[in-house]
Peer 1: 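Have a look at this one.
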Amino acid sequence: PEITATELNRRLGADDVPVLVDVREPHEPGIADLPQHGQVLIPTGEFMDRISELEPESEIVLYCRSGARSEWAAKLLLQAGFSSVLNLRGGVLAWRAEVDPTMQAY
């Protein structure tokens with residue numbers, strides 16, 4: 001299951017904010033990131049050990065640079081019984097392309 005950057009932006013603007021989980025490495029948000037909405041940084045290398053930090057009943061949107069790492073993490077959450085998990089299709093790169101072209105590319 002996926003959500004587009006355009007749809008996520010619309011929802012954020014309407015205060016319909018899911019739990020945002022950034023699965024990139026700790027240095028990556030400093031390069032480019034989505035607008036601040038209390039996202040949680042859980043790098044893929046720590047993801048398996050930190051799943052318990054997330055609520056299985058919450059709606060969760062995972063993202064990374066291009067969508068591959070977050071797709072992997074979304075599959076893990078679904079297999080673990082999480083009920084509402086979405087991958088940001090295209091990740092931060094799609095956010096830049098669809099929502100904020102002024103965002104730094106990386």
Peer 1: Are side-chain heavy atoms of Glu55 and Val19 found at a separation under 4.5 Å?
Peer 2: no
Peer 1: Tyr63 versus Gln39: any side-chain heavy-atom pair under 4.5 Å?
Peer 2: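 A side-chain contact under 4.5 Å exists here.
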Peer 1: With heavy-atom distances below 4.5 Å as the criterion, would you say the side chains of Asp22 and Glu28 are in contact?
Peer 2: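 Asp22 does not reach Glu28 side chain to side chain.
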Peer 1: Indicate, with yes or no, if Ile60 and Phe47 share a hydrophobic cluster defined by side-chain heavy-atom contacts under 4.5 Å among Ile, Leu, Val, Met, Phe, Trp and Tyr.
Peer 2: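 Yes: a chain of side-chain contacts under 4.5 Å links Phe47 to Ile60.
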Peer 1: Are Phe82 and Val61 co-members of a hydrophobic cluster defined by side-chain heavy atoms under 4.5 Å apart?
Peer 2: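 No, separate clusters.
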Peer 1: Could you tell me the separation between the OG atom of Ser70 and the CZ atom of Arg65, rounded to the nearest 0.5 Å?
Peer 2: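 The CZ atom of Arg65 is 12.0 Å from OG of Ser70, to the nearest 0.5 Å.
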Peer 1: Would you say Val21 and Leu41 are hydrophobically clustered, going by side-chain heavy atoms of ILVMFWY under 4.5 Å?
Peer 2: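 No, it is not one cluster - the side chains of Val21 and Leu41 are not joined through contacts under 4.5 Å.
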Peer 1: From Leu20 CG over to Glu59 CD, what is the distance, rounded to the nearest 0.5 angstrom?
Peer 2: 9.5 Å
Peer 1: Any side-chain heavy-atom pair from Glu71 and Leu62 closer than 4.5 angstrom?
Peer 2: no
Peer 1: For a 4.5 angstrom cut-off between non-hydrogen side-chain atoms, does Trp72 reach Asn87?
Peer 2: no
Peer 1: How many angstroms lie between atom OH of Tyr106 and atom NE2 of His27, to the nearest 0.5 angstrom?
Peer 2: 7.5 Å
Peer 1: Is it possible for you to say whether Val40 and Ile31 belong to one hydrophobic cluster, with membership spreading through side-chain heavy-atom contacts below 4.5 Å?
Peer 2: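 Cluster IDs for Val40 and Ile31 differ.
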Peer 1: Looking at every non-hydrogen atom in both residues, tell me the closest pair between Val23 and Cys64 and how far apart they are.
Peer 2: CG2-CB, 3.8 Å
Peer 1: Ignoring hydrogens and angles, write down the donor-acceptor pairs under 3.5 Å from the side chains of residues 89-97, residues two or more places apart or on other chains.
Peer 2:
from	atom 1	to	atom 2	distance (Å)
Arg89	NE	Glu2	OE1	2.9
Arg96	NE	Met103	O	2.6

Peer 1: Could you state the interatomic distance from CZ (Arg10) to CG (Asp16), rounded to the nearest 0.5 Å?
Peer 2: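 Nearest 0.5 Å value for the CZ-CG distance: 7.0 Å.
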Peer 1: Taking Pro43's backbone N and O only, do any of them form a donor-acceptor pair with Glu46's side chain (distance below 3.5 Å, no angle check)?
Peer 2: no
Peer 1: Are the side chains of Leu8 and Leu34 in contact, using a 4.5 Å heavy-atom criterion?
Peer 2: yes
Peer 1: Return the CZ to CD1 distance between Arg11 and Ile3, rounded to the nearest 0.5 Å.
Peer 2: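 It is 5.0 Å, given to the nearest 0.5 Å.
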Peer 1: Would you mind reporting whether Pro18 and Leu86 have side-chain heavy atoms less than 4.5 Å apart?
Peer 2: no
Peer 1: So which heavy atom on Ser52 is nearest to which on Asp49, and how close?
Peer 2: OG-O, 4.5 Å
Peer 1: Go through it in stages, so that I can follow the logic: the residues are Glu25 and Thr44, the test is side-chain contact (heavy atoms from CB on, under 4.5 Å), and I'd like the CA-CA distance, side-chain angles, deciding distance and then a yes or no.
Peer 2: CA-CA 7 Å; Glu25 294 304 310; Thr44 52; 4.0 Å; yes
